[in-house]
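Heavy atoms only: backbone and side chains are in, while hydrogens, waters and symmetry mates are out. Every value quoted in this text rests on a predicted model; they were computed, and no experiment measured them.
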Amino acid sequence: MRRALLVVLILMFLPSAAFAGSDTPKTFLIHVKNAMNKHDSRTVVMPHVAVAALLQGYKVIILFDDEGVQAIKIGHWYGGHTTPLDKTPLPEEELRSLSARLGVPPANIPGNYGDFLRFLKGRGVELFANKVAMDLRNIGGDRFDHAVTPVAIEKMVEMFERAAVMVAY
């Protein structure tokens, strides 16, 4: 009798366990470990991957880590209020490609990679940076793009654990 009751209880909870969280989209983590301070293949491909994952229904997280935190640093030796990504323009071909992928006119796509990341944030992409890596590179206070949220190592570990998919750039 006890076994039958146990089997019935397990069968009752099994479907709810299998479908728990099915309304929550899976996480697609983009781990940016390179500076992204110039127009190269990583800088070009990463936004396309973020857009593709977003359009496929993933919760997209972009995590700046290691040298990648330099991409969100504001200013340079001579000051300024921009990041390296803000200073890297989106070529016309990329504007057209991203606009087609998103289904919006090219005029609605920002003209540089920094503004484009903030544009993606407005569409639900979450932007984070490793606080330790930022501290090691003296990036704090008002010296970083505040569209990006600094996080502790423990939060990063949680992101890695929960990601269904992870790619690194």
Side-chain angles (χ1 to χ4, degrees), residues 24-95 97-99 101-102 106 108-169:
T24 305
K26 291 181 180 179
T27 300
F28 193 105
L29 176 63
I30 299 174
H31 191 202
V32 179
K33 301 186 300 181
N34 293 288
M36 305 288 235
N37 59 0
K38 60 186 178 206
H39 190 270
D40 67 5
S41 61
R42 287 181 222 139
T43 307
V44 171
V45 172
M46 189 269 289
H48 283 279
V49 171
V51 168
L54 192 62
L55 292 175
Q56 289 187 17
Y58 283 95
K59 171 185 172 185
V60 178
I61 294 174
I62 299 175
L63 172 64
F64 294 91
D65 191 12
D66 194 21
E67 290 179 18
V69 298
Q70 294 177 49
I72 62 165
K73 181 179 180 180
I74 290 179
H76 204 53
W77 292 323
Y78 302 106
H81 302 288
T82 59
T83 69
L85 289 172
D86 293 324
K87 295 175 186 175
T88 306
L90 271 163
E92 189 63 36
E93 179 181 314
E94 292 307 309
L95 285 169
S97 177
L98 289 166
S99 74
R101 197 178 281 279
L102 288 164
N108 291 2
I109 301 294
N112 65 63
Y113 287 98
D115 285 339
F116 188 72
L117 282 181
R118 290 184 286 279
F119 170 82
L120 289 177
K121 182 175 181 171
R123 291 182 164 245
V125 172
E126 296 181 31
L127 305 173
F128 296 101
N130 177 345
K131 176 81 169 90
V132 172
M134 291 173 67
D135 291 344
L136 288 171
R137 287 172 177 75
N138 196 27
I139 302 171
D142 287 338
R143 298 192 64 208
F144 70 96
D145 183 343
H146 285 271
V148 179
T149 303
V151 293
I153 299 287
E154 294 79 10
K155 176 73 174 171
M156 288 178 50
V157 169
E158 185 180 304
M159 287 180 203
F160 289 122
E161 285 177 340
R162 293 190 174 165
V165 178
M166 188 192 81
V167 294
Y169 289 98

Trace of the side-chain contact (heavy atoms from CB on, under 4.5 Å) decision for K121 with I62: CA-CA 10 Å; K121 182 175 181 171; I62 299 175; over 6 Å; no

K33 NZ: over 12 foreign heavy atoms closer than 6.0 Å: no

Spatial distance of atom [atom1] ([X]) from atom [atom2] ([Y]) [nearest 0.5 Å]:
X: T43; Y: N34; atom1: OG1; atom2: CG; answer: 8.5 Å
X: I139; Y: N130; atom1: CD1; atom2: CG; answer: 10.5 Å
X: D86; Y: D145; atom1: CG; atom2: CG; answer: 6.5 Å
X: I30; Y: L63; atom1: CD1; atom2: CG; answer: 10.5 Å
X: F64; Y: T83; atom1: CZ; atom2: OG1; answer: 8.5 Å
X: L127; Y: T149; atom1: CG; atom2: OG1; answer: 7.5 Å

Tell me, which pairs form a salt bridge (charged side-chain N to carboxylate O under 4.0 Å, His left out) where one or both residues lie in residues 60-69, sequence neighbours left out?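 Residue pairs with at least one partner in residues 60-69: D66-R137.
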
Which residue pairs pass the salt bridge (charged side-chain N to carboxylate O under 4.0 Å, His left out) test with at least one member in residues 48-60, sequence neighbours excluded? K59-E126

[X] and [Y]: which non-hydrogen atoms are nearest, and at how many Å?
X: P84; Y: K73; result: CD-O, 3.3 Å
X: M46; Y: Y169; result: CG-CD1, 3.8 Å
X: L55; Y: R101; result: CD1-O, 3.1 Å
X: V60; Y: A50; result: CG2-O, 3.8 Å

Sorted by chain and number, sequence neighbours left out, salt bridge (Lys or Arg N to Asp or Glu O under 4.0 Å) with K131 holds for D135

Tell me every residue that passes side chain to side chain donor-acceptor pair (under 3.5 Å) with D115, counting only those two or more places apart in sequence or in another chain. N112, R118

Do M36 and Y113 make a side-chain contact, defined as non-hydrogen atoms from C-beta onward lying under 4.5 Å apart?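 A side-chain contact is absent here, since even the closest heavy-atom pair is not under 4.5 Å.
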
Tell me, please, which residues at least two apart from I109 pass side chain to side chain contact (heavy atoms under 4.5 Å, CB included).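 So I109 forms a side chain to side chain contact (heavy atoms under 4.5 Å, CB included) with L90, L95, S99, L102, V104, F116, F119.
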
Passes side-chain contact (heavy atoms from CB on, under 4.5 Å), I74 versus D142? Steps please. CA-CA 8 Å; I74 290 179; D142 287 338; over 6 Å; no

Would you mind writing out the side-chain donor-acceptor pairs for residues 152-168 within the sub-3.5 Å range, not counting sequence neighbours?
residue: E158; atom: OE2; partner: R162; partner atom: NH1; Å: 3.3

